[in-house]
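Working notes for the structure below.
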Amino acid sequence: MSTTATEPTAPDTPAADRIGELREQIDLCDAQIIELVQRRLAISEQIGSLRTASGGMRLSLSRERQVLDRFRSALGPDGASLGMMLLRQGRGRL
């Protein structure tokens, strides 16, 4: 005798409805975050190009430190990790 596992269905309750609504809000936040990260990357690329075209270094470690400090201050240790990820993304290939 074999039994087939079935997916439990979400109960049709006010809590389940509210969770669905909140997840939609998270999805909207995620879309905005993605858009902002893409915008940030494009701006960072422009800055790198301008710096190298004018004979400067592509990276500014003091500026990166400011960014990391701001993220750490606002979001704690995980914020610093997030800031570092953004900086790495913006650097492109070194």
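In this structure, the side-chain contact (heavy atoms from CB on, under 4.5 Å) partners of Glu64, at least two apart in sequence or on a different chain, are Leu59, Leu61, Leu87, Arg91.
Put simply, CG on Leu36 and SG on Cys29 are 10.5 Å apart, with the number rounded to the nearest 0.5 Å. To the nearest 0.5 Å, atoms CD1 (Ile26) and CD1 (Ile33) are separated by 10.0 Å. The distance from atom CE of Met57 to atom OG1 of Thr52, rounded to the nearest 0.5 Å, is 11.0 Å. Interatomic distance, CD of Gln46 versus CZ of Arg51, reported as 14.5 Å (0.5 Å rounding). From Leu86, atom CG reaches atom CZ of Phe71 across 5.0 Å, with rounding to the nearest 0.5 Å. Rounded to the nearest 0.5 angstrom, Arg65 CZ and Ser60 OG are separated by 8.5 Å.
Counted within 6.0 Å of CD on Glu21, heavy atoms from surrounding residues, nucleotides or ligands total more than 12; the atom is thus considered enclosed. By the neighbour-count criterion of 12 heavy atoms within 6.0 Å, atom CD of Gln66 is densely surrounded, having more than that number from other residues, nucleotides or ligands.
The shortest distance between side-chain heavy atoms of Leu41 and Glu45 does not fall below 4.5 Å.
Closest of all the heavy-atom pairs between Ser44 and Gly90 is OG-O, 3.2 Å.
Hydrophobic clustering keeps Val37 apart from Ile43 (ILVMFWY residues linked when any side-chain heavy atoms are closer than 4.5 Å, directly or through intermediates). A chain of hydrophobic side-chain contacts below 4.5 Å, direct or via other Ile, Leu, Val, Met, Phe, Trp or Tyr residues, connects Leu75 to Leu68.
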| Could you walk me through whether Ile19 and Arg23 pass the side chain to side chain contact (heavy atoms under 4.5 Å, CB included) check? | CA-CA 6 Å; Ile19 289 170; Arg23 286 181 175 161; 3.7 Å; yes
